[in-house]
Structures are given as structure tokens and as C-alpha cells.
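So the structure is just underneath, and the comments pick up after that.
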Amino acid sequence: MLGVSFRMSPVSFRSTNGQAPPVHLRAALLAGQAPDRGLYLPVEFPRLAPADLAALPTRPYPEIAARVLAPYTEGILPRADLEALCADAYNFDVPLEPVAGRERVFVLRLDRGPTASFKDFAARFMARLLGRFVRESGRPLTILTATSGDTGSAVAHAFHGVEGIRVIVLFPEAEVSPRQRKLMTVLRGNVRCAAVRGKFDDCQALVKRAFADPALRDLPLSSANSINIGRLLPQAVYYFYAAGRVAAPAEPVVFSVPSGNFGDMMGAVLAWRMGLPIRRLVVAVNENDAFPRFLATGRYQKIEPSRHCLSNAMNVGHPSNLARLVAVYGGHLDEAGTLHRAPDLAAMRRDLFSTSVSDARTVAALREAWTRHRLLLEPHGAVGWQGLLDFEATEPLNGTPAVVLETAHPAKFPDEVRRALGFEPDVPPAIARAEQEPEAYDRLDADYAAFRDYLRADHER
Ligand SMILES: *Cc1c(COP(=O)(O)O)cnc(C)c1O
């Protein structure tokens with residue numbers, strides 16, 4: 001192992017609403033949201049020493065993960081256990097693809113996990129850590145989650161087989177593709193899926209009511225949703241990994257991140273505060289453009305209802321992690337979207353570049369990437385790609401290395417890719433395997449009383 005140069009006291013976490021006591025990782029992870037409805041953020045950002053940064057390029061991904069995450073688990077998880085956990089969670093490739101015809105421009109493919117989206121990175125780490133806490137406490141837990149596609153499959157896969165934890169996933173019957181559905185419904189074991197006769201909003205409403213229902217207080221329900229700090233920290237790791245491989249030590253990098261709920265881009269902000277040199281962070285959104293408007297005007301107005309775009313995992317009108325970003329820059333945005341204190345906008349504009357990419361530009365970017373560079377993307381990655389091009393139009397890279405994040409495998413969006421490029425992408429083995437397995441799932445009406453009975457019956461099984 002490399003020398004240890006972190007300050008070795010455990011990091012504590014404060015709430016963005018400022019009305020809850022600071023806690024360590026275990027409590028933050030188990031609670032999800034802070035009691036004042038704010039989101040947890042490190043009180044102080046632990047910094048990686050320059051010598052540590054310089055050592056990263058030669059290290060494999062799981063080792064970088066353990067080094068970046070160690071300050072947060074210090075005192076909670078022995079270092080050797082953290083290393084074993086990371087090795088187990090990150091047992092797949094993390095390709096960094098040079099873009100043909102472009103100097104020092106790369107695509108980071110975060111799509112080689114079991115459900116072929118970047119959400120595997122966070123979900124797999126969180127599942128293992130939560131599984132450990134549950135075993136230590138001896139109190140089993142049921143993770144209840146509603147999904148429109150990617151989150152449900154990543155969470156279900158990540159917790160599949162984790163002792164002491166059951167998973168119940170609700171999905172809208174007619175709104176998930178067969179491929180997305182199969183990634184959840186072939187699992188069985190401790191994972192149970194239910195198709196709801198309704199929309200995603202109905203699924204989410206059922207889950208929210210269950211969490212708030214006094215009649216279900218005795219059930220050990222928990223959520224693994226994206227505002228949990230355990231889903232955020234692991235997303236800082238791949239920025240260190242990529243920078244170590246494309247840049248010289250201490251050389252700044254430009255990252256372009258296709259963004260919806262802003263968890264992924266917050267991983268970059270975290271890495272930056274931990275000492276990773278970044279020249280500019282490009283926050284690329286689809287037509288849900290609340291953030292680029294805010295950055296330009298200083299006025300925040302969420303998009304309600306959210307706009308339906310091709311990059312459907314980014315159809316978020318009010319990104320929940322924006323509260324964290326605003327807090328990092330000294331402001332206060334609450335969960336409802338009210339700005340109580342403005343952040344340092346000048347500093348934000350120096351650090352971040354944000355752009356909105358329409359569906360028409362998304363399709364054009366998919367085509368441009370393929371025809372000019374033989375770079376195969378899907379709609380989310382195409383938004384990130386166009387984001388970098390938009391940034392370059394205002395400020396040339398001039399040799400600065402740039403990395404665009406591809407957040408899903410193109411085979412998850414066969415129709416969109418076929419319409420733009422005229423062919424369907426090859427299906428990766430993880431997805432191909434799921435397509436062969438028999439499915440099992442329940443069917444539910446979007447009716448709360450029936451759902452409550454369903455939860456009770458499941459608990460008593
Ligand atoms: C969830 C998701 C995103 C958006 O990530 P955020 O952290 O919510 O900004 C982008 N692309 C894909 C494929 C996703 O599944």
C-alpha cells in the first residue's frame with residue numbers, strides 16, 4: 001500500500017439546512033436525509049496530498065477508490081475492510097477512450113457495471129457498506145425504492161444477495177423498457193419487484209406515503225435514493241482515476257458531465273475540494289435548464305413539470321443535489337427550491353460552465369461523434385459531448401486534457417441510437433444474460449391501501 005497521508009480523524013457531515021447536528025458516515029448513511037430535511041455534506045473536505053495524487057496514475061480503480069474514500073470511513077471501517085469492499089464493488093473495467101482526431105480528449109465509459117449505467121458505481125459501494133452496518137446492528141432492513149428505470153436496476157443489483165437486506169422496487173408498468181425491466185425482474189432472492197398500473201409519479205407517491213405512514217413504523221423501511229451521502233462519495237473516485245491517467249501530476253483537467261439530479265457532477269465538486277486540479281467543470285443538461293439559467297441570472301426557478309427529453313434519466317426539473325452545490329458556494333437553497341441565501345455566483349461562474357442541449361442538438365451530437373470520430377454514444381453521453389463542444393466555443397482547450405463522461409451503455413438506448421445512426425449497438429454480456437432469464441414480478445394498482453397490505457404481507461413472509 002502507499003503511505004498514509006490523510007488526516008486521520010473521521011469526517012463529519014452537516015446538513016445543508018443547518019438545523020441538524022453533524023453526524024459521522026454511519027448515521028448519515030442510515031438516515032438518508034438529515035432530520036431538518038437538508039442534505040448531508042462534509043463539514044470539512046479532507047485533502048489528498050500532492051504526493052498521493054502523483055501516485056494515483058499507476059493504481060487500479062479499486063485501490064484509488066479506497067484511498068479517496070478512506071477519510072470518510074476512518075474510525076467506522078478498518079482500512080483493510082474498506083479495501084476489500086472496494087475490490088468487491090469495482091470488479092469491472094473502467095475504460096478511458098481517446099477520441100480519434102482530437103488531441104487529449106477522452107470519453108470515460110462508466111457503463112461496464114452489471115446494469116450498464118454509472119449508477120452501479122455508487123449503488124454497489126453503498127450496498128456493501130449498508131450491508132455491513134445492518135449485520136453489525138443485527139437489525140434487518142427493507143430498502144424501498146421507486147424507479148423510472150436506471151436507479152431501480154442499479155439498486156436491485158447492488159443489494160442482491162446482501163444478507164439482512166430486502167429490496168422492493170416499484171416501477172411504472174408501461175414506462176420502463178423491457179430491457180430495463182429485465183435487469184430488475186430476473187434477480188429474485190432478496191429482491192422483489194412490482195409493476196404499478198400507473199406512472200412513475202404514482203410509484204414515488206406510494207413510496208413516500210409508506211415512509212410517512214405511522215401504521216408502518218414497525219417495519220424497518222429505508223431508502224437508497226440518490227440524496228444519500230453514501231451514493232455521492234463513491235462518485236468522486238472516477239474523477240481522480242481519469243485525471244491520473246490523462247493529465248500530468250497537478251495539471252488541471254476539463255470534465256463534462258451530463259447531469260439530471262446533479263449527483264454525478266457533485267462527485268466532481270467533491271474531488272475538486274479534495275485537491276484534484278480541475279480547470280472547469282462543464283455541467284451539461286437537457287431541456288430541463290433550471291441550472292444554466294440560475295448561473296446566468298442568479299434567480300432560481302425550477303422547471304415544473306419536468307420536460308420530457310431523449311436523455312430520460314436527466315428529466316429533472318429541480319435537481320435535489322443543487323442544494324449541496326449551493327451550500328459549497330456559501331448559499332442556502334432548501335428542498336422546495338427556495339433560495340434563502342445566494343451563493344458566491346462569481347466563484348461559481350469561474351468554476352462551472354453550464355449549457356442546455358435540446359433533443360435536436362442531442363441527436364446531432366450523437367451523429368457528429370460517430371461520423372467524425374467513430375465515437376459511439378447514447379443520448380446522455382451525447383449531451384455531455386455537446387456540452388464540451390459548447391464550452392470550447394467560448395474558451396478553447398489549448399491543450400488542456402478533457403474528459404466527457406458516458407453514463408450509460410449505448411445498448412440501453414437501441415431505438416434512439418438506431419434512429420440517429422442507422423444501426424443498433426452490440427449488447428454487452430450483462431444485459432444479454434438478463435434477457436435470457438425468466439422474469440418474476442408482482443402487479444399492483446396505484447392504490448395506497450393495497451400497497452400497505454402488500455408491504456405488511458411481505459414483512460410477515
Ligand atoms: C441518473 C443518470 C444521469 C444523471 O445523473 P445525476 O447524478 O442525476 O445528475 C445521467 N445519465 C444516466 C444514464 C443516468 O442514469
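One-based numbering, in listed order, for ligands and for the atoms of each.
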So salt bridge (charged side-chain N to carboxylate O under 4.0 Å, His left out) across residues 334-349, not counting sequence neighbours, yields Arg37-Glu335
Just to verify, what does Tyr441 make a ring pair (Phe, Tyr, Trp, His ring centres under 6.0 Å) with, not counting sequence neighbours? Phe171
Could you tell me whether Asp289 and Arg293 have a side-chain N and a carboxylate O separated by less than 4.0 Å? yes
Among residues two or more places apart or on two chains, list those pairs meeting salt bridge (charged side-chain N to carboxylate O under 4.0 Å, His left out) that have a residue in residues 274-285. Arg279-Glu395, Arg280-Glu395
Mutual orientation of the aromatic rings belonging to Trp385 and His373 [parallel < 30°, tilted 30-60°, perpendicular > 60°]: perpendicular
Quick one: sort the Phe294 and Tyr300 rings into parallel, tilted or perpendicular, breaks at 30° and 60°. perpendicular
Starting from the N and O atoms of ligand 1, find every protein N or O within less than 3.5 Å and list the pair with its distance.
| residue | atom | partner | partner atom | Å |
| --- | --- | --- | --- | --- |
| ligand 1 | 7 (O) | Gly263 | N | 3.0 |
| ligand 1 | 7 (O) | Asp264 | N | 2.9 |
| ligand 1 | 8 (O) | Asn261 | N | 2.7 |
| ligand 1 | 9 (O) | Gly260 | N | 2.7 |
| ligand 1 | 9 (O) | Asn261 | N | 3.2 |
| ligand 1 | 9 (O) | Phe262 | N | 2.9 |
| ligand 1 | 11 (N) | Thr407 | OG1 | 2.8 |
| ligand 1 | 15 (O) | Lys119 | NZ | 2.5 |
| ligand 1 | 15 (O) | Asp150 | OD2 | 2.7 |

